[in-house]
Amino acid sequence: MGNLFGISSPFASAINKLVQMIWARILWFVCSIPVVTAGAATTALYEVLLKMEKDQEGYVGVSFLRAFRDNIKSATLVWILLLAAKVVFGVNLFYYAVFGSSQFAVQRVVFAVLWLLTVTLAGYVFPVLARFENTTAGTLRMAAVLAVRNPGWTAVILSVQLLTAAVCWFFLYFPLLFIMGITGYFQAVIFNHIFDKLIAERKITETNRRHGE
C-alpha cells in the first residue's frame with residue numbers, strides 16, 4: 001500500500017503530471033489575456049505538452065516562458081492571419097445563413113467550408129510551430145498537409161477541441177484550466193505520434209526539428 005502512494009509510485013507520477021498540465025494551462029491563460037499573444041501562448045503550451053508526453057519537459061514554468069519568448073514573433077503572425085480568416089469567413093457565413101435567402105445557398109456552403117478549413121488548420125499549426133523550425137508559409141503548408149494526410153486523427157483532434165470548448169462554455173469556464181490541460185495533453189500524444197512517424201519514415205529530417213529535441 002505504501003508503494004502505491006510513494007513518491008516514485010505510478011499514482012504519484014500521474015498526480016504530478018496532472019499538476020504540471022494545470023500549471024501549464026494557467027500560464028497559457030495568463031499569457032493569452034492580451035489576446036494578440038494567444039498564438040505564442042498556445043505554441044508554448046504545445047511545446048511543453050509535447051515534451052511532457054515524452055517526459056522531457058523539465059521545469060514547466062521555465063520551459064513555457066522560454067518557448068513563449070522564442071515564438072512570440074512567428075506565432076503572433078500566424079495567429080493574426082488565422083484569426084482574421086476565421087472572423088471574415090465566420091461573419092460571412094453568419095450573414096448568408098441568417099439574412100440570406102435560398103439563392104445564397106452556394107455562398108453559405110463556401111464560407112462554411114472555408115471556416116472549417118481554417119479551424120482545422122489552426123488545430124495543427126501551433127503544434128507544428130512548437131516542434132519544427134520553418135518559415136510562416138512553410139509552417140502553414142506543413143500543417144495543411146498533415147491535416148489532409150491524417151483525416152482520422154484530424155477528426156479526433158477537432159472533436160476534442162470542440163468538446164472542450166463546449167464544456168467550458170456550458171460551465172461558464174469553470175473547468176477551463178483543468179479540462180484544457182488534460183485534453184491538450186491528449187492532443188500532444190496524437191501529434192507526437194504523427195510527427196515521430198514522419199521522422200521515422202524520413203519524410204521530415206532530423207535537421208528540421210528544434211534544437212534540444
Side-chain angles (χ1 to χ4, degrees), residues 21 23-54 56-57 60 63-87 115-150 153-165 168 176-177 179-196 198-199 204 208-213:
M21 292 177 202
W23 174 224
R25 268 300 179 178
I26 292 174
L27 291 170
W28 170 84
F29 182 80
V30 172
C31 291
S32 295
I33 290 176
V35 180
V36 71
T37 58
T42 303
T43 303
L45 175 66
Y46 272 115
E47 186 164 329
V48 169
L49 293 177
L50 288 168
K51 290 180 179 179
M52 186 183 297
E53 195 269 328
K54 294 175 175 287
Q56 300 172 347
E57 72 276 10
V60 170
S63 297
F64 183 97
L65 294 176
R66 181 173 60 244
F68 180 82
R69 179 198 62 202
D70 293 344
N71 291 287
I72 188 69
K73 290 183 179 179
S74 56
T76 299
L77 176 58
V78 171
W79 164 248
I80 290 174
L81 291 173
L82 291 174
L83 181 61
K86 283 192 284 188
V87 170
W115 184 83
L116 182 60
L117 288 175
T118 304
V119 171
T120 303
L121 183 63
Y124 273 83
V125 73
F126 295 111
V128 169
L129 191 60
R131 182 148 178 186
F132 301 99
E133 293 282 4
N134 211 331
T135 62
T136 299
T139 297
L140 292 169
R141 184 168 55 251
M142 182 178 178
V145 170
L146 291 178
V148 171
R149 290 186 177 180
N150 298 276
W153 287 125
T154 298
V156 172
I157 290 167
L158 286 177
S159 297
V160 171
Q161 292 178 349
L162 291 174
L163 179 61
T164 302
C168 292
L176 182 68
L177 300 177
I179 297 297
M180 294 182 73
I182 297 171
T183 57
Y185 182 82
F186 176 71
Q187 292 174 70
V189 174
I190 295 174
F191 285 121
N192 269 335
H193 169 76
I194 294 173
F195 297 154
D196 290 343
L198 289 173
I199 292 170
I204 301 177
N208 292 127
R209 304 176 68 188
R210 285 186 179 276
H211 300 298
E213 294 197 43

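Worth saying up front: this structure is predicted, and the values here are computed from it rather than measured. Numbers here are sequence positions counted from 1. Scope of the values below: all heavy atoms of this structure, side chains included, with no hydrogens, waters or symmetry mates.
Side-chain contact between T154 and R149 is absent, with no heavy atoms from C-beta onward closer than 4.5 Å. Side-chain atoms of F132 and T139, non-hydrogen and from C-beta on, never get closer than 4.5 Å to each other. Residues N150 and I157 are not in side-chain contact: their nearest non-hydrogen atoms beyond the backbone lie 4.5 Å or more apart. Counting only heavy atoms from C-beta outward, the side chains of F68 and T43 never approach each other to under 4.5 Å. Looking at V125 and W79, their side chains never come closer than 4.5 Å, going by heavy atoms from C-beta outward.
With rounding to the nearest 0.5 angstrom, the CE atom of M142 is 9.0 Å from the CZ atom of R131. Note that CD1 of I72 is 11.5 Å distant from CZ of R69, once rounded to the nearest 0.5 Å. Remark: L45 CG to L49 CG distance equals 4.5 Å, nearest 0.5 Å. To the nearest 0.5 angstrom, S63 atom OG is 10.5 Å from L27 atom CG. Put simply, SG on C31 and CG on L65 are 6.0 Å apart, with the number rounded to the nearest 0.5 Å. Residue L81 holds its CG atom at 11.0 Å from OG1 of T76, rounded to the nearest 0.5 Å.
Taking both residues in full, the closest heavy atoms of A38 and S32 are given as CA-OG, 3.8 Å, listed atom of the first, atom of the second, then distance. The heavy-atom pair separating M21 from I182 by the smallest distance is SD-CA, 4.0 Å. Residues L140 and L121 approach most closely at O-CD1, 3.5 Å, considering heavy atoms. The two residues T118 and A85 come nearest to each other via the heavy atoms CG2-CB, 3.9 Å. Counting all heavy atoms, side chain and backbone alike, N71 lies closest to L129 at OD1-O, 4.0 Å. Heavy-atom minimum distance, A122 versus K86: CB-NZ, 4.4 Å.
Under the ring-ring contact (aromatic ring centres under 6.0 Å, His included) criterion, Y124 pairs with F191, sequence neighbours left out. Qualifying side chain to side chain contact (heavy atoms under 4.5 Å, CB included) partners for L163, counting only residues two or more places apart in sequence or in other chains: V167. For L116, the side chain to side chain contact (heavy atoms under 4.5 Å, CB included) partners two or more places apart in sequence, or in a different chain, are T120. In this structure F64 satisfies the ring-ring contact (aromatic ring centres under 6.0 Å, His included) test with no other residue, sequence neighbours excluded. Residues meeting the ring-ring contact (aromatic ring centres under 6.0 Å, His included) test with W153, sequence neighbours left out: H193. Listed by chain and residue number, Y46, Q161 satisfy the side-chain hydrogen bond (donor to acceptor under 3.5 Å, both in side chains) test with Q187 (two or more places apart in sequence, or in another chain).
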**Asked** Can K51 and N192 be said to form a side-chain contact (heavy atoms from CB on, under 4.5 Å), step by step?
**Response** CA-CA 9 Å; K51 290 180 179 179; N192 269 335; over 6 Å; no
**Message:** Test side-chain contact (heavy atoms from CB on, under 4.5 Å) on Q56 and L50; report intermediate values, then the result.
**Reply:** CA-CA 9 Å; Q56 300 172 347; L50 288 168; over 6 Å; no
**Criterion side-chain contact (heavy atoms from CB on, under 4.5 Å) on V156 and F186, from CA distance to verdict** = CA-CA 10 Å; V156 172; F186 176 71; 4.0 Å; yes
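A donor-acceptor pair shorter than 3.5 Å cannot be found between the side chains of N134 and R141.
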